[in-house]
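To keep things clear, I will list the structure first and then write my remarks on it.
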Amino acid sequence: MTLRQILTEPNSMLRQKSTPVQIVDKDVQSLMDDMLETMYAAPGIGLAAIQVGVPKRIIVLDINHKEGSKKPMFFVNPEIIEKSKNNSTYEEGCLSVPGQFAEIERPDRCNVKYLDYYGQPKEIKAEGMLATCIQHEMDHLEGILFIDYLSKLKKTMIIKKLSKQKKTIERIVV
Ligand code: ZN
């Protein structure tokens, strides 16, 4: 397994739409292994392939990790087949939008079909934090970030801050 670099906003790749995976083969599995390791190291609870620069419809999640035991979940070509009308609000952050958090409202339940780590078709009824995380990660596959749900003013401010941070980081590295 290899740690991959996580892309941060602003970066045009993060705005790209990811394409479906044709076959879940060894290469796809090794990408998922890398993604999981990168996510744990960050640390984060979810990661989409595009965040490490691979425009494929793959996400990894582990919302239990904080409690000590690892329970990784792998979603290839996820599709939301049903969403609840009720919403819930969580304060969201994103490994590609470092240090920024905002309250985002999303449907509180969703049914998702996907292929698992072995390419087997699966379906899950997600609710609460898991439902929010899946929807957040699935947005990445469409090139959407959580800051897109904020007012234009807030979003512009965050992007400005991140651009400034990037410049500072580059100066230190050089
Ligand atoms: Zn994210």
Any idea which heavy atoms bring Val28 and Val21 closest together, and the distance?
CG2-CG1, 3.9 Å
Check this for me: does any side-chain nitrogen of one of Arg106 and Glu92 sit under 4.0 Å from a carboxylate oxygen of the other?
yes
So if you build clusters from Ile, Leu, Val, Met, Phe, Trp, Tyr with side-chain heavy-atom gaps below 4.5 Å, do Val76 and Tyr117 land together?
yes
Residues Arg15, Glu9: salt bridge by 4.0 Å N-O rule:
yes
What do you reckon, is CD of Gln29 surrounded by more than 12 foreign heavy atoms closer than 6.0 Å?
yes
Expected output: side-chain Ser84 to main-chain Arg109 donor-acceptor under 3.5 Å:
yes
Any side-chain heavy-atom pair of Gln5 and Val52 under 4.5 Å
no
Over 12 foreign heavy atoms within 6.0 Å of CD1, Ile81
yes
Any side-chain heavy atom of Asp108 within less than 4.5 Å of one from Asn87?
no
Does any non-hydrogen side-chain atom of Lys70 lie less than 4.5 Å from one of Asp62?
yes
Is there a side-chain contact (heavy atoms from CB on, under 4.5 Å) between Val97 and Phe146? Walk through the geometry before answering.
CA-CA 9 Å; Val97 188; Phe146 78 93; 3.9 Å; yes
Start with the C-alpha gap between Leu31 and Asp27, add the side-chain angles, then the distance that decides, and say whether side-chain contact (heavy atoms from CB on, under 4.5 Å) holds.
CA-CA 6 Å; Leu31 169 64; Asp27 288 345; over 6 Å; no
Answer yes or no: is there a side-chain heavy-atom contact under 4.5 Å between Met138 and Ile144?
no
Do you know which two heavy atoms are closest between Pro10 and Lys166, and how far apart they sit?
O-NZ, 2.7 Å
Charged N to carboxylate O below 4.0 Å: is that the case for Asp33 and Lys26?
no
Rounded to the nearest 0.5 Å, what separates atom CD in Glu137 from atom OG1 in Thr132?
11.5 Å
Salt bridge present between Glu123 and Lys113 (N-O < 4.0 angstrom)
no
Could you go step by step and tell me if His140 and Cys94 meet the side-chain contact (heavy atoms from CB on, under 4.5 Å) rule?
CA-CA 10 Å; His140 278 298; Cys94 178; 3.4 Å; yes
Do the side chains of Asp116 and Lys122 get close enough for a salt bridge, i.e. N-O under 4.0 angstrom?
yes
ILVMFWY cluster, Ile80 and Ile104 together (side-chain gap under 4.5 Å):
no
pair Lys17-Pro55: side-chain heavy atoms closer than 4.5 Å:
no
Closest heavy-atom pair, Thr2 versus Asp34, reported as atoms and distance to 0.1 Å, is N-OD1, 2.8 Å
Do Asn77 and Tyr114 have a side chain donor and acceptor closer than 3.5 Å?
no
Restricting to non-hydrogen atoms, name the atom on Glu37 and the atom on Leu3 that form the minimum distance, rounded to 0.1 Å.
O-CD2, 3.6 Å
So does Ala48 get a backbone contact from the side chain of Gln51, meaning a donor-acceptor N/O pair under 3.5 Å?
yes
May I ask you to check whether over 12 heavy atoms, not counting those of Met13, lie within 6.0 Å of atom CE?
yes
Grab the two heavy atoms, one from Cys133 and one from Ile63, that are nearest each other, plus how far apart they are.
SG-CG2, 3.8 Å
Sole residue of Leu47, Ile134, Ile45 in side-chain contact (heavy atoms from CB on, under 4.5 Å) with Leu61
Ile134
Nearest 0.5 Å, please: how far is CD in Glu142 from CG in Leu145?
12.0 Å
Closest contact, heavy atoms only, Ile59 versus Pro78:
CD1-CG, 4.4 Å
Just by modelled atom types, is the Lys71 backbone N or O under 3.5 Å from a matching donor or acceptor in the Asn64 side chain?
no
Strictly below 4.0 Å, N to O, side chains only: are Asp148 and Lys155 in salt-bridge contact?
yes
Around Gln22, counting heavy atoms of other residues, nucleotides and ligands shown, do more than 12 lie under 6.0 Å from its CD?
no
Hydrophobic cluster membership, with links at side-chain heavy-atom distances under 4.5 Å among I/L/V/M/F/W/Y: are Tyr90 and Tyr149 in one?
no
Begin from the C-alpha positions of Glu82 and Cys110 and carry the test side-chain contact (heavy atoms from CB on, under 4.5 Å) through to its verdict.
CA-CA 5 Å; Glu82 215 183 306; Cys110 59; over 6 Å; no
Report yes or no: do Ile124 and Met129 belong to one cluster of Ile/Leu/Val/Met/Phe/Trp/Tyr joined by side chain heavy-atom distances under 4.5 Å?
yes
Can Val54 be reached from Leu36 by stepping across I, L, V, M, F, W or Y side chains whose heavy atoms are under 4.5 Å apart?
yes
